[in-house]
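The structure appears right after this line, and notes come after that.
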Amino acid sequence: MASEGEISLLVVVVDVNPIWWGQHAQSEPEFTLSKCLDAVMVMGNAHMAMTRTNQLAVIAAHCQDSHFLYPSKRLKGNDDTSSSRDGKYELLSVTNNLIAEEIRDIMSKTELTGNSTDTLLAGSLAKALCCILLKTVVFLLAQEIKSRILVIKAADDCALQYMNFMNVIFAAQKQNILIDACVLDSDSGLLQQACDITGGLYLKIPQKVALAQYLLWVFLPDSEQRSLLVLPPPAHVDYRAACFCHRTLIEIGYVCSVCLSIFCNFSPICTTCETAFKIQLPQMVKPKKKKPKLPA
Amino acid sequence: MASLSEEVLLVVKKVRQKKQDGTLYLMAERIAWGPEGKDRFTVSHSYSDIRCQKISPDGKAKVQLQLVLHTGESTTFHFANESTSRKDWEAAKELLQQLLPKFKKKANKELEEKNKMLQEDPVLFQLYKDLVVSQVISAEEFWANRLGGINNGESAACENKQEVGISGAFLADIRPQTDGCNGLRYNLTADIIESIFRTYPAVKQKYKENVPHNLTEKEFWTRFFQSHYFHRDRISTGTQDIFSECARQDEKGLKSLVTQGVKNPMVDLLSLEDKTLDEGYGISSALPSTSHASRTVKESSNFAIIKRFNHHSAMVLAAGSRKRDVPADQASETSSTDGNSRDSDFFQPPLKKVKLQEAIEYEDLQQENRPKTVALNLKKSDRYAHGPVPLQSQQYTTSQDIINSVNYIKHEMSNYKPNLTQVLSSAAASSAIAALSPGGVLMQQVAQQAINQMVPTEIQAELKHLYVAAGELLRHFWTCFPVNTAFLEEKLTGHLECMLQAAYSKFHIWQTRRMMRKT
């Protein structure tokens, strides 16, 4: 349990890429976006119900932009929220209703621009970091605040977001914010790196239907409690670099000593900085070996 | 018999050693004892081997002298001569006392150095224990490479030692105490005496002149404290005091100090004076005149005290900046009581220039003189911005697919209502739990434990020591290459072989012992 007065903030970033969800809903009708959001709500309720000081934020990552599902701007304008009839803790019912309203709103406003079909995950993560920062500042004088981000990922990685993603990851690491990842479909190298660098958990779920169970079991406890539990071990992360000429991942390559660009084949002139390498003719050119990083 | 080149310093007859009568000889470099009537020495120790000497207390009938060696052995000599035993014994003791310290330092230094090295570095100590104590390597080989810097290190250490300055209050430390019966006790330690000599070279000169010919040390210091030179109200009345000469020299020194002035052009001493604002804000009396006659008695005594304080401070500062090994030229010492050595006179103009420059110029505002570098010229810098392309196969979707998907999801979510009671079926939940429990699909690697958690720490530590020792042996092996000399060849084939054998057998013993313990 969190110690007296310690605030734990959980930010859930849900990938609501309509293209991916639409495709998969047709092939797997038993697990749809609605079910996914239900599972997220269950976990959010559980988090808020554990301690009064726990905070929640939910962000939807769309392919056009990213929205805050909770807390949303509707929060202030709504005085006529219907009180739930089943005697639920009012905060939870308000939260659930807000999230449902917001997602309906977002999905109805989806427009096809045809350019981007990838989820803007880096942007959502950046928004999550800002939200955490805001809450940290607000609560700074009062108590300690511990935050973590949970990413529920559906669609594939977008290679164009690489730099932004890495910046976000390192910013989170500096702020001691964990990034957890719950991957529904295919492994994501970027998220694996994110979890490895920040110290979070990466899990690829074998059964999407049991998403709620996985969320509650693995991702609900915070970092202190995780050390006491037996959880899935960290996965092997592929830290290989990509060569600058073909963008393929290589284990052994050539590195220019001036600009540090990586090549898979030797060439006498570096194409990035145009340095000429002097070769000693009688000897064979020895490739500068780069050892791949393999975790123990 | 003693070689002819050895100088015999003392011969004591009728000295018994181990119940045998004989003669004790003290030579320049060793002490030896030979039995009566024989020519040879049966016992001979060089002074560097002797750690200390022990004497029997005064009251005992037996007059004995015991020599304790570094190795722990001891030899006892009994001075049996009835009439002169005491005197002989004292003579021998004093001579030994003088000779031993000279030889002691040489041998001890090496040992001390070794001990220090072993104490500072626990890894080295452990290595020493593993290899030398268990006789895998001999001690000389162990220290062969490590003590290379002893002779060089010595002088370097001396250079790095900081000189101890002089406390300005050393005279105050003397602190006279009443003796009870109208006398005063002054406590003089060696430090205070040294400070006095360093600060006032004139006193040192007087000391050298008078002690021990005319006065004993005690008398010298008694006179020193009694003289007016020491006391506050220094009135040079021209008495027969040996220190009146010092007083005159001090006056001269002070005058030359004043005339020399301060070398720093930024400091203007003459502008400092006691300023008065108004009545009650300071001394509103007239400026003190410098002529003797118009001064009152009180003013003149204040003047004298202030002069003495200034002089004392100047001398302390001068003594601190003077180097320790001052040349034995006494004349230069006494003439430099003004506090500045002669050399500094030559440096006056450049020093002034340096001070002026320091005040005018700022280092940061100067042009930077960095070495010339070549600028980095990147043609295609956007290459750094891209990450690795994922290896997954690209899934191509037609635009029709996309439109269909989006419409489907829009339709689905338009009627979205959270239905939290039907989120999870028990079958799904139990299969998920099974997958997450140890042994499940996701938990395959948890069973592997790190080796360092399974092996207890003492075994780890012992293994580490063995490993370091093996590394040391390897180092010895590799230093034999290239095999240039016959010595190295012999070492390789013979000596090293048995070293490695000894090491291997030691490891084997450890291994079996450990395994026995387990089972």
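Quantities reported herein were computed from a predicted structural model and do not represent experimental measurements. In the text below, chain A, chain B and the rest are named by the order of the sequence lines, each starting its count at 1.
Annotation: maximal heavy-atom pairing with chain A below 4.5 Å, among B:N419, B:N415, B:N404, occurs at B:N419. Put simply, of A:K35, A:M41, A:M166, the one with the most heavy-atom pairs under 4.5 Å next to chain B is A:M41. Residue with the most contacts toward chain B among A:V209, A:T271, A:N96: A:T271 (heavy-atom pairs, distance under 4.5 Å). Your options are A:H24, A:Q207, A:Q161, A:K204, and the one with the most heavy-atom pairs under 4.5 Å with chain B is A:Q207.
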For this session: Start with the C-alpha distance between A:Y214 and B:I433, add both sets of side-chain angles, then the distance that settles side-chain contact (heavy atoms from CB on, under 4.5 Å), and finish with yes or no.
Result: CA-CA 8 Å; A:Y214 286 107; B:I433 292 175; over 6 Å; no

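Inter-residue side-chain proximity for B:L436 and A:P232 is flagged as met; some heavy-atom pair is nearer than 4.5 Å. When side chains are defined from C-beta on, A:L37 counts as touching B:M413, because their heavy atoms get closer than 4.5 Å. By the 4.5 Å heavy-atom criterion applied to side chains, A:W21 and B:V406 are not counted as neighbours.
At a 4.5 Å heavy-atom cutoff, A:T275 makes no contact with chain B through either its backbone or its side chain. Heavy atoms of A:V16 lying under 4.5 Å from chain B are absent altogether. Within the 4.5 angstrom heavy-atom criterion, only side-chain atoms of A:N45, from C-beta onward, approach chain B. For a residue to count as touching a neighbouring chain, one of its non-hydrogen atoms must lie under 4.5 Å from one of that chain's; by this rule B:S399 does not touch chain A. Proximity to chain A involves both the backbone and the side chain of B:A432, based on heavy atoms less than 4.5 angstrom apart. Proximity to chain A (any heavy atom under 4.5 Å) is shown, for B:S425, by neither the backbone nor the side chain. If you measure heavy-atom distances from A:L203 to chain B, the contacts under 4.5 Å come from the side chain alone.
Without hydrogens or angle criteria, A:R104 side chain to B:Y416 main chain gives a donor-acceptor distance under 3.5 Å.
To the nearest 0.5 angstrom, A:S34 atom OG is 7.0 Å from B:I409 atom CD1. Note that the OG1 atom of A:T272 and the CG atom of B:L378 stand 7.0 Å from one another [nearest 0.5 Å]. Atom NE2 of B:H411 is separated from atom OG of A:S108 by 14.0 Å, given to the nearest 0.5 angstrom. How far NZ of B:K379 is from OG of A:S261: 13.5 Å, rounded to the nearest 0.5 Å.
Between the side chains of A:Q26 and B:S405, not a single donor N or O lies within less than 3.5 Å of an accepting N or O.
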